2 protein chains.
Amino acid sequence: MDGRFKLDNQLCFRLYTASRLITQAYHPLLSQYGLTYPQYLVLLVLWEKDSQPVNDIAKRLMLETNTVTPLLKRMEAEGILTRTQGKTDARQMIVKLTRKGRELQDKLSEVPETVGSSVLCESVTAETVPTLFRMLDDIIEQLKHHNNESNC
Amino acid sequence: MDGRFKLDNQLCFRLYTASRLITQAYHPLLSQYGLTYPQYLVLLVLWEKDSQPVNDIAKRLMLETNTVTPLLKRMEAEGILTRTQGKTDARQMIVKLTRKGRELQDKLSEVPETVGSSVLCESVTAETVPTLFRMLDDIIEQLKHHNNESNC
DNA sequence: AATTTTTATATCGTTCACGATGCAAATATA
DNA sequence: TATATTTGCATCGTGAACGATATAAAAATT
C-alpha cells in the first residue's frame with residue numbers, strides 16, 4: 001500500500017487548511033469593522049501605495065480582476081474607497097482610499113501582531129519564520145510560472 | 001515607517017496565495033474528470049476509509065458540515081458516491097463510494113506526483129519537505145486551538 | 001486613416017467557505 | 001417516563017475565487 005493518496009502526505013492540503021484557519025483567526029478582529037480578509041488585503045495594498053488602478057491591485061494580490069472588481073465595489077459601497085475613471089487611460093479605474101479607509105489603519109494597528117503571535121509555536125519562531133517565508137516564496141514563484149506555462 | 005502592515009511581511013498572505021496557486025495547479029488534472037479540488041479531498045478521505053458519516057469526513061478535512069453537505073450532494077449527483085441514512089443512528093448520513101468513485105483512484109494515480117513535482121524548487125526539496133510539513137502542522141494545530149478558544 | 005490586436009475592466013454562472021439558524025433523532029436529566 | 005440538552009445534518013444568505021465571455025478604449029498594424 002503506497003501512500004501517494006494519503007491526506008497526511010499532501011502539501012496542498014496543509015496549505016489549504018493553514019490558510020483557512022489563519023483567515024478564521026483574522027475574522028473576529030476584522031469583522032468588528034465590517035471587513036473580510038480579502039478586503040483587508042486590499043487595504044494593505046492601498047496603505048502601502050494609495051491611488052492604484054484595479055489591475056495593479058489584482059497583480060499585487062495575484063488575483064484576477066473578476067475577483068477584485070466585485071470586492072472593490074463592496075468596499076466602495078462601505079465608503080472605504082472610491083473608484084474613478086482614469087484620466088490618461090479611460091479604461092482604467094483608479095482606486096483611492098477615503099478618509100474612512102485611511103483611518104482604518106489606526107484602528108487595525110494591533111491586528112498584525114495579534115494574529116502573528118497566535119501562530120507562533122514550537123517549530124515556528126522568530127528564528128525559523130524566515131526559512132518558512134523563503135520556502136513559501138519559492139513555492140509561489142514556482143507555481144506562478146508553472147500555471148502560466150500550462151495556459152499556452 | 002514600520003513594516004507591520006507590509007504585505008511582504010505577512011505569513012497569512014503567503015499561505016493564502018500558495019494555497020490558491022497549488023489548487024490551480026490541480027485544476028487541469030482534476031477538471032477532465034469533472035472534479036474540483038475540495039471534491040478530490042473528499043475522495044482522498046474515502047479512498048483511505050470508505051463508508052463514513054458526513055461528520056467524520058468534515059472533521060478529517062477540518063471543514064464544517066454546511067460546507068461538506070452541498071459538496072457531497074454534487075458528488076452524489078455525479079454518481080461518484082451515495083448518501084444513505086445510518087441504521088444505528090438515523091441522524092447520520094453514511095457516505096459510500098460507488099464503483100465510479102473507486103475507479104477514479106486509478107485514473108488519478110498520476111496526480112499526486114505530477115503536482116508534487118511542480119512544486120519542488122530550490123528551497124523545497126525531498127530533504128526540506130519534512131521541515132515544511134512540521135511547521136505547517138504546528139501552525140495548524142496552534143490555530144485549531146486558538147480559534148476554538150475564541151468561540152467560548 | 002481604417003483595421004486588427006491588445007489591454008483594462010466588468011458581467012455571468014458555478015462552487016466553495018462559513019456564520020446563523022432550523023429540525024429531528026439520540027442522549028441525559030429530572 | 002416526561003422533559004431538557006446535545007448531536008448530526010441541512011438550509012439560507014453573503015462573500016470570495018475563477019473560468020468563460022463581453023465591451024470599450026488604447027495601441028499596433030496595414
Side-chain angles (χ1 to χ4, degrees), chain A residues 12-13 16-28 30-32 34-42 52-59 61-78 80 83-95 147 150-151, chain B residues 13 16-28 30-32 34-42 52-59 61-78 80 83-95 147-148 150-151:
Chain A
C12 185
F13 177 60
Y16 164 80
T17 304
S19 172
R20 281 193 310 103
L21 293 183
I22 197 165
T23 301
Q24 287 174 27
Y26 273 97
H27 186 259
L30 298 178
S31 66
Q32 57 185 308
L35 292 171
T36 64
Y37 179 69
Q39 290 174 9
Y40 173 70
L41 289 181
V42 169
Q52 294 192 51
V54 173
N55 207 23
D56 288 16
I57 297 172
K59 281 225 170 65
L61 300 177
M62 290 182 255
L63 291 165
E64 301 297 317
T65 62
N66 57 0
T67 299
V68 175
T69 293
L71 212 156
L72 292 173
K73 282 180 151 185
R74 282 187 283 270
M75 294 177 81
E76 185 182 35
E78 294 294 326
I80 295 169
R83 305 181 317 126
T84 52
Q85 197 168 33
K87 284 163 194 163
T88 57
D89 188 333
R91 292 170 302 179
Q92 292 185 330
M93 286 296 273
I94 307 297
V95 180
N147 291 342
S150 314
N151 294 345
Chain B
F13 177 59
Y16 163 79
T17 303
S19 172
R20 281 193 311 104
L21 293 183
I22 198 166
T23 301
Q24 286 173 28
Y26 274 98
H27 186 261
L30 299 179
S31 66
Q32 55 185 309
L35 291 171
T36 64
Y37 180 69
Q39 289 173 9
Y40 173 70
L41 289 181
V42 169
Q52 295 192 53
V54 173
N55 208 23
D56 288 15
I57 297 173
K59 281 224 170 65
L61 300 177
M62 290 183 255
L63 291 166
E64 301 297 318
T65 63
N66 58 0
T67 298
V68 175
T69 293
L71 212 157
L72 292 173
K73 282 179 151 184
R74 282 187 283 270
M75 294 176 79
E76 186 183 34
E78 295 294 325
I80 296 169
R83 304 182 317 126
T84 51
Q85 196 168 32
K87 284 166 194 160
T88 56
D89 189 333
R91 292 170 303 179
Q92 291 185 332
M93 287 296 274
I94 307 297
V95 180
N147 291 343
N148 276 344
S150 313
N151 295 348

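Just so we're clear, the structure is a prediction, and the values are computed from it rather than from any experiment. A, B, ... follow the sequence lines: proteins, then strands. Residue 1 opens every chain.
- Here dT9(C) presents its C1' atom at 9 Å from CZ of Arg83(A), a figure rounded to the nearest Å.
- In this structure, Gln39(B) and Val42(B) have side chains that are not in contact, with every pair of non-hydrogen atoms separated by 4.5 Å or more.
- The separation between Ile94(A) atom CD1 and dT9(C) atom C1' is 12 Å, rounded to whole Å.
- If you check every strand for non-hydrogen atoms under 4.0 Å, Glu64(B) touches nothing.
- Distance check, rounded to the nearest 0.5 Å: CE of Met62(A) to OG1 of Thr17(B) gives 4.5 Å.
- Atom-to-atom distance recorded for Met93(B):CE and Gln52(B):CD is 15.0 Å, nearest 0.5 angstrom.
- Chain B approaches DNA chain D over the interval dT7(D) to dG19(D), counting the first and last nucleotide 5' to 3' with an atom under 4.0 Å from its heavy atoms.
- When each of Met93(A) and Thr23(A) is assigned the nucleotide of DNA chain C with its nearest heavy atom, Met93(A) is the one assigned upstream, toward the 5' end.
- Atom-to-atom, CG of Leu61(B) to P of dC16(C) comes out at 12 Å; the value is rounded to the nearest Å.
- Leu21(A) has its CG atom 13 Å from the C1' atom of dC18(C), to the nearest Å.
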Do any N or O atoms of the protein come closer than 3.5 Å to N or O atoms of nucleotides 3-7 of chain C, and which pairs are they?
{"unit_1": "dT7(C)", "atom_1": "O2", "unit_2": "Arg91(A)", "atom_2": "NH1", "d": "2.7"}

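- With sequence neighbours excluded, the residues forming a ring-ring contact (aromatic ring centres under 6.0 Å, His included) with Tyr37(A) are Tyr26(A), Tyr16(B), listed by chain and number.
- Here the rule is side chain to side chain donor-acceptor pair (under 3.5 Å) with Asp89(B), and of Gln92(B), Arg91(B), Lys87(B) only Arg91(B) fits it.
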Pairs of donor and acceptor atoms involving the side chains of residues 67-77 of chain B, under 3.5 Å and at least two apart or interchain, shall be tabulated with distances.
{"unit_1": "Thr69(B)", "atom_1": "OG1", "unit_2": "Thr65(B)", "atom_2": "O", "d": "3.0"}
{"unit_1": "Glu76(B)", "atom_1": "OE1", "unit_2": "Arg83(B)", "atom_2": "NE", "d": "3.1"}
{"unit_1": "Glu76(B)", "atom_1": "OE2", "unit_2": "Arg83(B)", "atom_2": "N", "d": "3.4"}

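- The 5' end of DNA chain D is approached more closely, in terms of each residue's nearest nucleotide, by Leu63(A) than by the other of Gln85(A) and Leu63(A).
- With sequence neighbours excluded, the residues that form a side chain to side chain contact (heavy atoms under 4.5 Å, CB included) with Asn66(B) are Glu64(B).
- Taking the salt bridge (Lys or Arg N to Asp or Glu O under 4.0 Å) definition, one finds that Asp56(B) meets it with nothing, sequence neighbours left out.
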side-chain contact (heavy atoms from CB on, under 4.5 Å) between Leu63(B) and Arg20(A), intermediate numbers included:
CA-CA 9 Å; Leu63(B) 291 166; Arg20(A) 281 193 310 103; 3.4 Å; yes
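- With rounding to whole Å, Tyr16(B) atom OH is found 17 Å from dC16(C) atom P.
- Note: Leu41(B) CG to Ile57(B) CD1 = 11.5 Å, rounded to the nearest 0.5 Å.
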Table of protein N/O atoms under 3.5 Å from nucleotides 11-15 of chain C N/O atoms:
{"unit_1": "dT11(C)", "atom_1": "OP2", "unit_2": "Lys73(A)", "atom_2": "NZ", "d": "2.6"}

